[in-house]
Colleague: 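To start, I am sharing the structure in question, which I have written as structure tokens.
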Amino acid sequence: MIDEKLLKPYDPTTTEKRIYEMWEDSGFFNPDVCIEKGIIASDAKPYVITLPPPNVTGILHMGHAFMLTLEDTLIRYHRMKGFRTLWLPGTDHAAIATQSRVEKNISKEEGKSRYDLGREELLRRVNEFAQNSHDTILSQMKIFGSSCDWSREAFTLDEKRNFAVRTAFKSMYDAGLITRGHRVVNWDPKGQTTISDDEIIYEERKANFYTFKYSKDFPITISTTRPETKVGDTAVAVHPEDPRYTEFVGKEYDVVFCGVPIHIKIIADNSVEKDFGTGALGVTPAHSKIDWEIAKRHNLPYIQVIDEKSRMIVGDERILGKKVLEAREEIVRWLREENLMISEEEVSQNVSTAERTGGIIEPLPKLQWFIAVNKEFTIPYSEINGIESGSTITLKEIMRKAVEGGQIEILPDYFSKTYFHWIDKLDDWCISRQIWYGHRIPVWYRNKFKIKNEKSKIENTDSNTETYCGMEAPEGEGWAQDEDTLDTWFSSGLWTFSTLGWPQSMNTLTGKPEKGSDLDIYHPTDVLETGYEILFFWVARMILMTGFHIGTIPFKKVYLHGTVRDAKGRKMSKSLNNGIDPIDVADKFGADAGRMALMVGSAPGIDTKISEDKIKGYKHFANKVWNISRFVLQNTEDFTYDENFKNWTEGDIKLIEIQNTEIENLTQELDNLKIHIASDRVYQYIWNDFAAKIIEDSKPILKDGTIDEKNSRAQFLLHSLRKILIVLHPFMPFVTEELWSLMPFSKNKILMVEKWPII
RNA sequence: GCGCGGUUAGCUCAGUUGGUAGAGCGCUACAUUGACGUUGUAGAUGUCACAGGUUCGAAUCCUGUAUCGCGCACCA
């Protein structure tokens, strides 16, 4: 008898939740359980994906749904192929992103800042928010069918990961790769923290380009878009071979610039372009990275004239205490009044803004922690091609060699060029942040160390300051821990191995993981599937961290998916209100339909457009599969499914061959990570070949055929349906699992762990 | 400035070593009360951005141009 469910159209909403709970109860998301229960062989090859942990900043969006779909499809496929398949889930504390989000809420609702609340209370609020986000995110992931091993779930800020972070920091500190130093860094006045170069977003804006002289008697004209910084100038740099200026090189001048006495030395430096502006550059060492470098080369002093709140800290009532933009106007007015202004020109320029807060970056000299990417060290153990154990290398070389040597393959491959290009230009990574939510820097100071955020000009590493880096606070009186926290990408960089038991599972003698530990079995992981926008932030940092700490690679393949856009190709955003909520999609069309709509035709690296029409099409498809199943069952009621049936007609043998080729091709495409083609292929076969042709042709055979013909065709339909449900399952897990449970050939087994057809 | 992509049917996009152009959606006509509210069959629409070159043969390889986009840097 046919189950009554099948007589009605497929209804995903009443099905999907029940199916997910059944999977979860089975325990088969955990590869170790699969081995225990004999589902997979105990010596099966592992297949591992570590989930890029979603930020606990709110809810999942369509991009997350895309990521989950691609990964779940790969995971389900490999699980069915008999791999020891692990999909390790987790969430990311996302330091600045989360804290600034909560700060924004607090400011809006209570009008308070983080300093009003204090460190402890703010952290309490952030943790509460993070917990809520986490819970929402997990339930959303389940709605999309994600078959992760929840027993191994991790959080970038939990205790185990904190232990890993402290361990990692200390060993990089001991190797001399993490250092503290005074440099011009990217200061975000809005977020009140430094950020790394990669967290800057450039916005093109119009600006005035002023050309002027410091004073009437000053011999050289200079240009700038930021006159307010000129009160901090200590030199004018010209090109050594610029005949216009050679006579002045080496001379020094004292001038009073808008009430501020400044001392300017004329220097010659190769970095100055003769043809830009006047060919002379006013050097402001404290507020420009380039100028800082020039100043270092020429032993020039630097004078900080802007503070952490973007206010002037020098001058008289005209500029002192004023915001930089106001001060700029004052100085421009003064230049005009004094007839020092030569010209004003409107130019478009890139303004540096902070990714998370939108604040305009103010370069400031600050004492911060850095990871030195160009500094040589000895790597004790290495499995990376081209890097010998015990050789002297740099972190940059680890990042380069791991990809260059072919151990890590990036898809699409042209992104490796972008990757190398980025490495070439890479500078030291500033890892300290003046925010409270995150991993506290495991360093303690005593004696002359002054807590930051005082309005002191420069904190320094005096010889009187004792510095201690360790896993725990040092013994003795008077130690104070560094107030700062680490860049969130520091902990994410450890993600593939910190989630698998590092560092506890490392054997310190061999430098390798203990035999039989998770780290030993499941690392390196197979595929890192993530968005191309975090290639540098995350992918590169994981390669760096894994190479340094365990001498190997974090993953073998990097699959970079594109950005999910709306039907018109616009990014989905709150302000445009063009976002599609993946949960609404699951409600309205079913998660299966949403998954297919995201996958089909979405090649790696290419942005993908999604519309309700496309999703609707795949809801129809789910129902089509439902109806195919009903047809097959209804028309084979007089026959019993025979697993070992041999008496095929010649016509059916041909169809089986075609079908086998089809499955072979599908398998190959999945193995080659061509998910966008594989998903379309399975759709094409089921609808156009199987439903439209084979089923139509079966009607007369089943009605008027000979006994043998009828028998063969009925068995073929049943066998085909079985295979169709299996090969469609990784893509559309819910509807296929539900149908499977209604089939005569399912034998009460779960489709999720059924064997992929071997041909 | 350095680097990387895209340009194929009305729309969204495939096209895997060079061999007479593909899919979905949409459109047109016909059929169908049906396993299918969500069906089937047939059909139309392409100088594969443009111009050269290599080749027996180019959407595919090379050179150049246009145009859209992305990354990095500069931003005195």
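Chain letters run A, B, ... following the sequence lines, proteins first and then strands; every chain starts at 1. Just so we're clear, the structure is a prediction, and the values are computed from it rather than from any experiment.
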Colleague: Specify the residue among Asp291(A) and Phe536(A) whose closest nucleotide of RNA chain B lies further upstream toward the 5′ end.
Modeller: Phe536(A)

Colleague: By the 4.0 Å heavy-atom rule, please label Tyr532(A) as base, sugar-phosphate, or nothing.
Modeller: nothing

Colleague: Rounded to the Å, how far apart are Leu702(A) CG and A35(B) P?
Modeller: 12 Å

Colleague: Describe the nucleic acid contact of Ile290(A) in one word from base, sugar-phosphate, nothing, applying a heavy-atom distance below 4.0 Å.
Modeller: sugar-phosphate

Colleague: Which nucleotide in the set C75(B), A35(B), G24(B) lies at the smallest distance from any side-chain heavy atom of Gln349(A)?
Modeller: C75(B)

Colleague: Taking atom types as modelled, is there a side-chain donor on Asp198(A) or Trp489(A) under 3.5 Å from an acceptor on the other?
Modeller: no

Colleague: Taking atom P in both U63(B) and C75(B), what distance in whole Å separates the two?
Modeller: 32 Å

Colleague: Name all pairs fulfilling the salt bridge (Lys or Arg N to Asp or Glu O under 4.0 Å) condition that reach into residues 665-676 of chain A, sequence neighbours left out, sorted by first residue then second.
Modeller: Lys81(A)-Asp671(A), Glu669(A)-Arg681(A)

Colleague: Answer yes or no: does a side-chain N or O of Trp422(A) lie under 4.0 Å from OP1 or OP2 of A73(B)?
Modeller: no

Colleague: Of the nucleotides C75(B), G71(B), A35(B), which has the atom closest to the His421(A) side chain?
Modeller: G71(B)

Colleague: By the 4.0 Å heavy-atom rule, please label Thr225(A) as base, sugar-phosphate, or nothing.
Modeller: sugar-phosphate

Colleague: In whole angstrom, give me the gap between the C1' atoms of U67(B) and A51(B).
Modeller: 15 Å

Colleague: Select base, sugar-phosphate, or nothing to describe what Val272(A) touches, counting heavy atoms under 4.0 Å on all strands.
Modeller: base

Colleague: Can you list everything that forms a ring-ring contact (aromatic ring centres under 6.0 Å, His included) with Tyr618(A)? Sequence neighbours excluded, please.
Modeller: Tyr683(A)

Colleague: Can you measure Ile410(A) atom CD1 to G3(B) atom P for me and round it to whole angstrom units?
Modeller: 19 Å

Colleague: Closest heavy-atom contact between Ile222(A) and Thr278(A)?
Modeller: CA-OG1, 3.7 Å

Colleague: Roughly how many Å is it from OH in Tyr683(A) to P in G22(B), rounded to a whole number?
Modeller: 19 Å

Colleague: Show me the dot-bracket string of RNA chain B, counting Watson-Crick or G-U pairs under 3.5 Å, with | for pairs to another strand and [ ] for crossing ones.
Modeller: (((((((..((((.....[..)))).(((((.......))))).....(((((..]....))))))))))))....

Colleague: For Asn186(A) and Lys289(A), does a side-chain donor sit closer than 3.5 Å to a side-chain acceptor?
Modeller: yes

Colleague: Looking only at atom C1', what distance separates G18(B) and C62(B), rounded to whole Å?
Modeller: 13 Å

Colleague: Once the angle between the rings of Phe212(A) and Phe257(A) is folded into 0 to 90°, is it parallel (under 30°), tilted (30 to 60°) or perpendicular (over 60°)?
Modeller: tilted

Colleague: Roughly how many Å apart are U45(B) and G6(B), using the P atom of each and rounding to a whole number?
Modeller: 29 Å

Colleague: Please tell me which of Arg226(A) and Asn627(A) maps to the more 5' nucleotide of RNA chain B, matching each residue to the nucleotide holding its nearest heavy atom.
Modeller: Asn627(A)

Colleague: Do Thr13(A) and Asp11(A) meet the criterion of a side-chain donor-acceptor pair at a distance under 3.5 Å?
Modeller: yes

Colleague: Could you tell me whether the side chains of Glu273(A) and His239(A) share a donor-acceptor contact shorter than 3.5 Å?
Modeller: no

Colleague: Taking only the side-chain heavy atoms of His620(A) (C-beta and beyond), determine which of A23(B), A35(B), U38(B) contains the nearest atom.
Modeller: U38(B)

Colleague: Let's see if you get this right: which residues in residues 194-206 of chain A place a heavy atom under 4.0 Å from RNA chain B?
Modeller: Tyr202(A)

Colleague: Look at the side chain of Asn623(A) and decide which nucleotide, out of A35(B), U38(B), G3(B), has an atom nearest to it.
Modeller: U38(B)

Colleague: Hydrogens and angles aside, do Ser712(A) and Glu709(A) bring a side-chain donor and acceptor to less than 3.5 Å of each other?
Modeller: no

Colleague: Does a donor on one side chain sit under 3.5 Å from an acceptor on the other, for Asp269(A) and His298(A)?
Modeller: yes

Colleague: Considering only atom C1', compute the distance from C68(B) to G37(B) and round it to an integer number of Å.
Modeller: 42 Å

Colleague: State whether a side-chain donor-acceptor pair under 3.5 Å links Glu738(A) with Tyr10(A).
Modeller: no

Colleague: Assess, by modelled atom type and distance only, whether the side chains of Asn665(A) and Tyr685(A) contain a donor and an acceptor separated by less than 3.5 Å.
Modeller: no

Colleague: Rounded to whole angstrom units, what separation is found between the CD1 atom of Ile724(A) and the P atom of A35(B)?
Modeller: 18 Å

Colleague: Taking the C1' atom of each, how far is U20(B) from U47(B), in whole Å?
Modeller: 16 Å

Colleague: May I have the distance from Leu742(A) (atom CG) to A35(B) (atom P), rounded to whole angstrom?
Modeller: 20 Å

Colleague: Using whole Å, what does the distance between atom P of nucleotide U41(B) and atom CG of Asp697(A) come to?
Modeller: 10 Å

Colleague: Expressed as a whole number of Å, how far does the P atom of C2(B) sit from that of U65(B)?
Modeller: 13 Å

Colleague: Without decimals, in angstroms, what is the distance between Phe621(A) CZ and G24(B) P?
Modeller: 12 Å

Colleague: If the cut-off is 4.0 Å, is Asn688(A) near the phosphate of G24(B), judged by side-chain N/O to OP1 or OP2?
Modeller: yes

Colleague: Between G40(B), G71(B), A73(B), which one does the side chain of Asn350(A) approach most closely?
Modeller: A73(B)

Colleague: Which pairs, with at least one residue in residues 221-240 of chain A and sequence neighbours excluded, count as a salt bridge (Lys or Arg N to Asp or Glu O under 4.0 Å)?
Modeller: Arg226(A)-Glu228(A), Arg226(A)-Glu362(A), Glu228(A)-Arg328(A), Lys230(A)-Asp233(A)

Colleague: With heavy atoms under 4.0 Å as the rule, sort Glu696(A) into base, sugar-phosphate or nothing.
Modeller: base

Colleague: Between protein and nucleotides 4-17 of chain B, map the contacts as a letter string: B base, S sugar-phosphate only, - none, heavy atoms under 4.0 Å, written 5' to 3'.
Modeller: SS------SSS-B-

Colleague: Give me the distance, rounded to whole Å, that separates C70(B) from A23(B) when you measure between the C1' atoms they each carry.
Modeller: 27 Å

Colleague: Expressed in angstrom and rounded to an integer, what is the separation of Trp538(A) atom CH2 from G71(B) atom C1'?
Modeller: 20 Å

Colleague: Tell me whether the guanidinium CZ or amine NZ of Arg183(A) lies under 6.0 angstrom from the six-membered ring centre of Trp292(A) and within 45° of its axis.
Modeller: no

